[in-house]
Structures are given as C-alpha cells and as structure tokens.
Amino acid sequence: MKNQKTNPMMRIWQIAKSEHGRLLLSVLLAVLGVISGIIPYVAAARIISGMISGNKEWNYYLVFIVSAFAGFTLKSILYAMGLSVSHKATFSILGEIRKQIFAKLPRMPLGTIIDTSSGKLKQIIVDEVECMERPMAHMIPELTSNIIGALAVWVYMMTIDWRMGLICLISVPVGLMFFGFIAASYGKDYQRSVEITQDMNASIVEYVHGIEVIKAYNQSKSSYQKFKDKVIANASFYCYWMKKTEVCQALCYTIAPCTLITVLPFGWWKYTTGSITADVFMTSIMLSMCIVGPIIAAIQFTDSSAKVATTVATVDELLSGEEQKHSETPVEFKSHDIELCNVTYSYHEGEEVLHNVSLSIPEKSFTALVGPSGSGKSTIAKLIGGFWDVADGVIKMDGKDLKSIPLEQLYDQVAYVSQDNWLFDDTIMNNIRMGRTSASDEEVMMAAKASGCDEFIRALPQGYDTKVGSGGTHLSGGERQRIAIARAMLKNAPIVILDEATAYIDPENEAVIQRALTGLMKNKTVIIIAHRLSTITEADQIVLVNEGTVECTGTHNELLEKSALYKSMWTAHVSEGGVA
C-alpha cells in the first residue's frame with residue numbers, strides 16, 4: 001500500500017476495499033434501524049395528543065401502541081443485523097491487514113526489522129490494528145446512521161413547525177464547542193499516548209528477555225526501576241490526559257443532548273400564545289428527545305474519529321515502509337564469487353558506515369573480516385547476506401547485481417549465523433529443521449552430530465524433543481550457538497556467513513566447532529567475522545576493515561608484515577592468551 005496524505009476515514013475506506021459491499025449493507029441496516037427507532041416517539045406523541053384532546057377510542061391507541069412496539073422491535077433487529085454484518089466485514093479486514101503486514105515484513109530490509117524493537121512491532125500488529133475495529137465495525141455504520149437519523153428527525157420537525165425545529169438545535173453547537181477544546185490537541189495527545197505505550201512495551205520485553213543477565217549481575221533493583229519508571233510514565237500521562245479533558249467532556253455530554261432545555265420553554269410560550277397546537281407541542285417534545293440518543297452516540301464517535309488519524313498513520317507507516325526491490329525472475333548461478341564495487345552505505349539515521357568499499361571474495365574460499373569494533377565488518381557481511389540493499393555502489397554474486405536476484409533465491413544462497421541467533425519456543429529438532437523444513441529427522445541428527453551438539457542434546461530429558469523456551473532460554477549460550485550452527489549446516493547453502501558465531505563457545509567446544517566448520521567449509525564460500533584471530537589464521541584471505549574502509553587484504557602472515565594495525569591486534573590477542 002502506498003502512503004497517501006488523505007482523510008483518515010477515507011484511508012480506512014481504502015483499506016476496507018474488499019468489504020465495501022458488507023460495510024454499505026451495515027450502514028443501510030443501521031440507518032433503517034435508527035429511523036425505526038423514531039416510530040415509538042412519534043407514536044407516543046400521538047397517544048399523548050389523543051389523551052389531551054379527550055379521544056377515548058381504543059382502536060386509535062391500539063394502532064400507535066402496536067406501531068411503537070413494532071418500531072422498537074424492528075430497530076433492535078436491524079441494529080443487531082447491521083452490527084453483525086459490519087463486524088464480520090471488519091474482522092475479515094483486520095485479518096487481511098495483518099496478513100499484509102506479515103507479507104510486508106519479509107520484503108522489508110532485514111536490518112530494518114532487526115533494528116525495530118519487538119515491543120513496537122507487537123504494538124502495531126496487535127494493538128494498533130485492533131484499534132481499527134471500533135472505527136470500522138461501529139463508527140462507519142453507527143456514526144453514519146446516527147447522523148442521518150438525527151437529520152431525518154430534525155427535517156420532520158421542520159415540516160411540523162420550523163421554529164420548533166430551529167430552537168431544538170441550540171444546545172448541540174454549544175455542547176460541541178466544549179468538545180472542540182478537547183479536539184484541538186487530541187490528535188497530538190493521542191500520538192503521544194501511542195509513543196509512550198510503545199516505549200513501555202519495549203521496556204517490558206527488554207526486561208523479560210534480560211532477566212537472566214539482571215539476576216546474574218545483581219541489577220534487579222536498577223533494572224526494575226527502569227521498567228517501573230516506564231510503566232509509571234505511561235500511567236501518569238493517561239492521568240494527566242484524563243484530568244485535562246474531563247471537565248470539557250462532561251460539559252459536552254451534558255449540554256449537547258439537552259434539546260428540551262430550549263424546546264420546553266419556547267414551545268410552552270408558543271402554545272400559550274396560540275402559535276402552535278398542543279399536538280405540535282407534544283410532537284416537538286417527543287421528537288427532540290428522539291434526537292438525544294443519536295446526538296450522544298455521534299459525540300462519542302467524535303472521540304474515536306480523533307484517534308483514527310494516529311492509528312491509521314501508524315499502521316500505514318509499516319504497510320508503506322521501504323521494500324527491497326529485487327527482480328522476480330529467478331537466475332541461474334554458475335559460481336558464487338562475491339564482489340563489492342565502490343560500496344558506500346548509510347543506515348536510515350543518515351550516518352555513513354561504509355566508505356567506497358571494494359572487495360573480491362572468490363568462490364569456495366575462506367575469507368575472514370577482522371578489525372576494531374564498529375569498523376563495519378558486520379555491515380559488510382549483512383549487505384552480502386541481503387539484510388539491506390546498497391544505494392551507492394554494487395554487490396555482485398556470480399557477476400550479477402544482488403538486486404537482480406529474487407530475495408527468496410538470494411536468502412537460499414546464504415546461511416547466516418550470528419552471535420545472537422534466535423531459537424523458537426519449540427523442540428530442538430524443529431529449531432534445527434528451520435534450516436531446511438523438508439529435512440528428515442535423520443538429516444537433522446546428522447547436522448547436529450556434525451556441529452558437535454548431538455551429545456548434549458541426547459543428554460537432555462527429552463532429547464531432540466526438548467523444548468528450548470522462548471529465545472532458547474532453557475539452554476546455555478554455547479548450546480544455543482551450536483544449534484544455530486547445526487541449522488546453518490542443515491541448510492547447506494553455498495555461502496556461509498559466521499558473524500562472531502563462536503562468541504559463546506568455550507575453548508573445548510570451540511575445538512569441536514572448528515572441526516565442524518572445517519567440514520562445513522568444503523565446497524562453500526565462507527565468510528567469518530571473528531575477534532579471536534587465532535581461529536582465522538588459515539583463512540585464504542583476511543580483510544582488515546577499519547573505520548568503514550578496507551585497509552588491506554592478505555593472508556595472516558602477509559598482514560603481519562604489511563599492516564601495523566593487524567600486527568598490534570595479533571599481539572594483543574596473543575598476550576591475552578588467545579593462542580595456545
């Protein structure tokens with residue numbers, strides 16, 4: 001969907017395109033229901049007029065009693081039918097919106113998704129989409145029908161006596177004036193409420209995910225205080241907002257529907273002076289009361305309509321987010337050589353992190369990216385893996401611009417393992433099988449053995465059927481890494497990127513992993529990012545990245561001779577006991 005600057009309700013109408021028929025039907029049913037609800041008031045006016053005039057004919061009253069009952073019954077049935085139709089349409093639309101969001105996420109740069117907090121994504125996908133239920137299921141049919149219903153009653157009053165029709169409306173604009181004071185800043189306040197709630201949700205997720213670290217480092221008090229402050233800030237804002245609006249809101253709801261405050265004295269004066277009959281006076285009283293319900297309902301939806309702008313904008317921001325624009329036509333690979341040509345890259349904040357980087361990675365070679373923290377190593381690896389697309393320069397695979405390769409096919413070419421791989425709250429078997437969903441149990445176990453994690457898996461109470469917990473919290477960091485590596489091995493992609501993949505592995509297990517990687521690297525293009533320089537001394541080429549540029553390339557021995565920075569890094573590594 002494209003982000004269009006348009007009225008929020010029109011945007012909802014555009015989003016609801018597939019359900020226009022049912023929404024229009026719900027409006028029609030609601031309008032008929034509101035008009036049916038007028039019948040009891042008209043009937044009551046006729047009954048009172050008959051009593052005043054001394055009419056004692058039973059048939060006269062029976063007709064209006066039956067009409068009132070029929071009108072009330074019809075109103076209830078039509079109202080229920082209208083809401084049923086609108087809710088079915090709305091939940092279908094909300095489901096479609098969520099499907100569109102989930103279809104959108106894979107087309108967005110992976111880096112953008114990773115950089116967006118899970119709390120914010122949850123807020124948009126669950127809460128913000130849910131906020132659209134009331135505008136679509138209720139506001140579209142009910143607000144429309146209440147406005148039309150109130151207008152129909154007013155037109156009818158004007159045909160009876162135009163003076164009573166006009167005097168009836170005086171309280172409405174006076175009441176709405178007070179709501180106008182609220183509406184003036186409502187959009188900005190609601191936007192703030194969304195932001196502060198997203199902030200609180202992100203804090204909750206961070207606190208829950210980090211509880212292990214918090215306990216380990218005895219930071220419960222300070223970490224809880226941060227979480228507590230976010231929750232209190234959220235509650236304080238809503239208290240402030242309520243106090244700011246409660247007086248004007250009360251005045252609005254009190255004054256706007258008070259049509260009788262003008263109809264009764266004015267009508268009595270006109271009746272006593274002979275300008276109107278008792279029948280007209282009583283009918284005007286009943287019809288003015290008939291307007292009260294639709295007016296109150298319409299005012300209540302004014303609050304919802306003010307929220308729509310922020311809600312639609314938030315959802316629309318995600319639906320219209322930047323996508324990776326790749327060809328849809330699959331390509332054929334003859335090799336998996338990788339080449340970066342004059343690549344300059346900036347994140348969405350605008351900070352340039354890579355400057356005119358050129359690099360060649362031959363097929364089936366072992367390339368290591370090293371350099372100081374923040375030098376751009378991971379950015380290069382993620383650009384090769386398709387996490388983002390470059391705007392300046394080009395990255396090629398087999399001589400083909402990555403943008404000419406369909407995203408799905410590009411992801412099939414790369415197995416990416418980082419130091420923070422996510423494990424799903426599922427069995428170990430299924431977590432490894434994520435690498436290739438068609439793999440058999442035997443193939444999963446073979447990958448586990450190759451990555452050195454079969455032994456500890458079988459030692460678990462339920463073996464491969466053991467659930468790892470959300471994010472793999474039931475396993476140690478090293479165990480999670482080995483399962484992630486097993487998943488990458490099962491994928492059997494021609495290009496393997498290991499971004500600090502052995503960060504959580506102890507020396508004994510690292511030896512196991514290194515043996516597994518030796519097997520994994522056969523006939524593969526392997527790119528490794530590592531701080532432990534001793535693990536990449538056998539690399540075909542080592543690329544030294546510094547301050548967003550490739551400072552030099554070569555083998556371990558070559559870099560020791562020609563790069564002072566690499567030599568100092570190696571010396572520091574050795575002095576820290578990095579080499580046995």
Side-chain angles (χ1 to χ4, degrees), residues 101-118 120-121 318 321-328 331 333 336 338-359 361 367-369 371 373-398 400-424 434-435 481 484-485 487-488 491 493-501 503 524-530 543 545 548-550:
I101 290 175
F102 285 119
K104 174 78 175 184
L105 292 178
R107 299 196 300 268
M108 297 176 71
L110 286 176
T112 301
I113 302 301
I114 292 172
D115 291 343
T116 305
S117 71
S118 54
K120 180 177 181 179
L121 287 175
L318 187 56
E322 180 188 357
E323 295 184 9
Q324 289 182 276
K325 297 179 181 178
H326 283 234
S327 169
E328 298 293 330
V331 301
F333 291 100
H336 285 86
I338 300 169
E339 187 177 2
L340 283 75
C341 305
N342 303 316
V343 172
T344 296
Y345 183 74
S346 301
Y347 291 115
H348 53 82
E349 293 88 353
E351 180 184 355
E352 191 172 284
V353 293
L354 294 181
H355 321 293
N356 201 36
V357 171
S358 293
L359 175 63
I361 301 175
T367 297
L369 303 178
S373 296
S375 58
K377 306 183 298 296
S378 293
T379 301
I380 292 174
K382 289 176 179 178
L383 289 173
I384 293 172
F387 278 45
W388 295 281
D389 288 332
V390 296
D392 298 317
V394 64
I395 301 177
K396 298 179 181 179
M397 185 180 295
D398 188 25
K400 303 173 180 66
D401 187 338
L402 291 190
K403 295 178 183 177
S404 68
I405 304 171
L407 272 176
E408 186 175 349
Q409 188 179 17
L410 174 59
Y411 295 151
D412 284 339
Q413 309 308 307
V414 180
Y416 193 98
V417 182
S418 74
Q419 59 182 322
D420 297 312
N421 281 279
W422 179 265
L423 298 186
F424 294 90
M434 285 290 294
Q481 281 302 91
I485 291 172
R487 184 161 60 192
K491 184 176 182 180
I495 299 172
V496 177
I497 299 177
L498 303 173
D499 188 351
E500 302 290 352
K524 297 288 195 302
T525 303
V526 179
I527 302 169
I528 291 181
I529 301 172
V543 180
V545 184
T549 62
V550 174

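Side chains included, hydrogens not; waters and symmetry mates left out as well; all remaining heavy atoms used.
The side-chain contact (heavy atoms from CB on, under 4.5 Å) test with C341 is passed by exactly one of N356, V394, V390: V394. Screening I384, V414, L359, T367 for a side-chain contact (heavy atoms from CB on, under 4.5 Å) with I338, the sole residue that qualifies is I384.
Atoms CG and NE2, on N342 and H355 in that order, are 14.0 Å from each other to the nearest 0.5 Å. In this structure, the separation between CD1 on I527 and OG1 on T525 is 7.5 Å, given to the nearest 0.5 Å. Here the straight-line distance linking atom CD of E339 with atom CG of D398 works out to 11.5 Å at 0.5 Å rounding. Atom CE of M397 and atom CD1 of I495 lie 3.5 Å apart (nearest 0.5 Å). How far CD1 of I380 is from OG of S375: 7.5 Å, rounded to the nearest 0.5 Å. From R107, atom CZ reaches atom CD of E408 across 12.5 Å, with rounding to the nearest 0.5 Å.
Residues passing the ring pair (Phe, Tyr, Trp, His ring centres under 6.0 Å) test with H326: none are found, sequence neighbours excluded. Among residues two or more places apart in sequence or in another chain, the side-chain contact (heavy atoms from CB on, under 4.5 Å) test is passed with E322 by none. Applying the ring pair (Phe, Tyr, Trp, His ring centres under 6.0 Å) criterion to F387, with sequence neighbours excluded, gives Y416. Checked against side-chain contact (heavy atoms from CB on, under 4.5 Å), T379 has the following partners two or more places apart in sequence or in another chain: Y345, Y347, V353, L354, L383. Applying the side chain to side chain donor-acceptor pair (under 3.5 Å) criterion to T344, with sequence neighbours excluded, gives no partner residue.
Listed here is the closest heavy atom pair of H336 and P494: NE2-CG, 3.3 Å. S327 approaches S404 most closely through the heavy-atom pair CB-O, 3.3 Å. Across D412 and A493, no two heavy atoms sit closer than the pair O-CB, 3.6 Å.
Atom CE of M434 is surrounded by 12 or fewer heavy atoms from other residues, nucleotides or ligands within 6.0 Å.
Using a 4.5 Å heavy-atom cutoff, the side chains of V417 and V496 are not in contact.
Residue pairs meeting the salt bridge (charged side-chain N to carboxylate O under 4.0 Å, His left out) criterion with at least one partner in residues 381-393, sequence neighbours excluded, do not occur; the list is empty.
Looking only at distances, a side-chain donor or acceptor of Q324 sits under 3.5 Å from a matching main-chain atom of G386. Checked by atom type and distance alone, the side chain of K400 never pairs as donor or acceptor with a backbone atom of I405 at under 3.5 Å.
Salt bridge annotation for D401-K403: absent, with no cationic side-chain nitrogen under 4.0 angstrom from a carboxylate oxygen.
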